Amino acid sequence: MPACLERTVDVPTSSASTTDAAKPAASGGVQSLERAFDLLERMADAGGEVGLSELSASSGLPLPTIHRLMRTLVACGYVRQQPNRRYALGPRLIRLGESASRLLGTWARPYLARLVEETGETANMALLDGDEIVYVAQVPSKHSMRMFTEVGRRVLPHSTGVGKALLAHTPAEEVRALLARTGMPAATEKTITTPDGFLDALVAVRETGYAVDDNEQEIGVRCLAVSVPDSPTAAAISISGPAGRVTEAATEKIVPILQQVARELSAALANTSGNGGA
């Protein structure tokens, strides 16, 4: 049996004693789970690699407790210890993340379908995965001329509406660091190719409450996007269509619909995450 599945408490044979004995073990087990997930999230927030002292300082947990939890996570494959003795997120998390992304897309599809019905344009959902945007769901427009983005496609954030929506509230220095890692290649002559220009675009997103890709990813295509508030992972939804249909006048009608659907999707995701109780 793998170390991460080892049973640490013997179960008594009496049903009465089982109930009494299981209470502290269950309580301790739940607390350990909460702490382990908290450490994984802190590692992700720190860029995926941290030292034990950093985790102790940010979590407030004593070093022996963190060391014990990390040892278990390493044994399970969810964390790996680097040659420099620091700890990094492990490869087994990739499978969990991919499955969760697919489920997130499944939950979002009815809301994207509503967007298509109310706007007439193709609706998308995207996440920020590392330094890239990944599309996790799409419902196509019913028009014969429509936009199509393959689910699973990855693009750089600087040329997309969803990228702007997802990064709008990220500190400027973090945005600059991301752009330095990815570069800012021009997909079209309208693509923003300077960090200052992109940061100005993010200011506009914060002021208006929505992001625009105006022929920046593909000539002739406009995209309107908003973030999903309080999503369990940073997510954005968008509509995309020919520039001749997604005009400034259409934008005034479409943006409130996008924002309303984003709020409803946020509420649905919160209810979904809360339905796993006893």
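Quick caveat, the model's predicted, so the values are computed rather than measured.
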Salt bridge (charged side-chain N to carboxylate O under 4.0 Å, His left out) pairs, two or more places apart, involving residues 253-269: Arg114-Glu264

Taking Pro171's backbone N and O only, do any of them form a donor-acceptor pair with Glu174's side chain (distance below 3.5 Å, no angle check)? no

Backbone of Glu132 reached by a side-chain donor or acceptor of Arg154 within 3.5 Å: no

Should Lys142 and Glu117 count as side-chain neighbours, where that means a heavy-atom distance under 4.5 Å? yes

Any residue meeting side chain to side chain contact (heavy atoms under 4.5 Å, CB included) with Thr188, in chain and number order, not counting sequence neighbours: Lys190, Thr191, Ile219

Taking Gly244's backbone N and O only, do any of them form a donor-acceptor pair with Thr247's side chain (distance below 3.5 Å, no angle check)? no

Within the side chain of Ser56, is there an N or O that forms a donor-acceptor pair under 3.5 Å with the backbone of Leu61? yes

Run through the side-chain heavy atoms of Ile, Leu, Val, Met, Phe, Trp and Tyr, join any pair under 4.5 Å, and report what else lands in Tyr135's cluster. Leu128, Ile133, Val155, Val162, Leu166, Leu167, Val175, Leu178, Leu179, Met184, Ile192, Phe198, Leu199, Leu202

Does Arg86 use its side chain to pair, donor to acceptor, with the backbone of Gln81 at less than 3.5 Å? no

Verify whether one side chain among Ser159 and Gln217 offers a donor that lies under 3.5 Å from an acceptor in the other. yes

Check whether any side-chain N or O of His158 sits under 3.5 Å from a backbone N or O of Pro185 as a donor-acceptor pair, and report yes or no. yes

By the definition side-chain contact (heavy atoms from CB on, under 4.5 Å), identify the one residue from Val212, Ile237, Asp213 that meets it with Leu224. Val212

Is there a path of hydrophobic side-chain contacts, each under 4.5 Å between heavy atoms of I/L/V/M/F/W/Y residues, joining Val136 to Leu156? no

Using atom types as modelled and distance alone, determine if a side-chain donor or acceptor of Ser266 lies under 3.5 Å from a backbone N or O of Pro229. yes

Look at the side chain of Arg181 and the backbone N and O of Asp131, then say whether any donor-acceptor pair between them is shorter than 3.5 Å. no

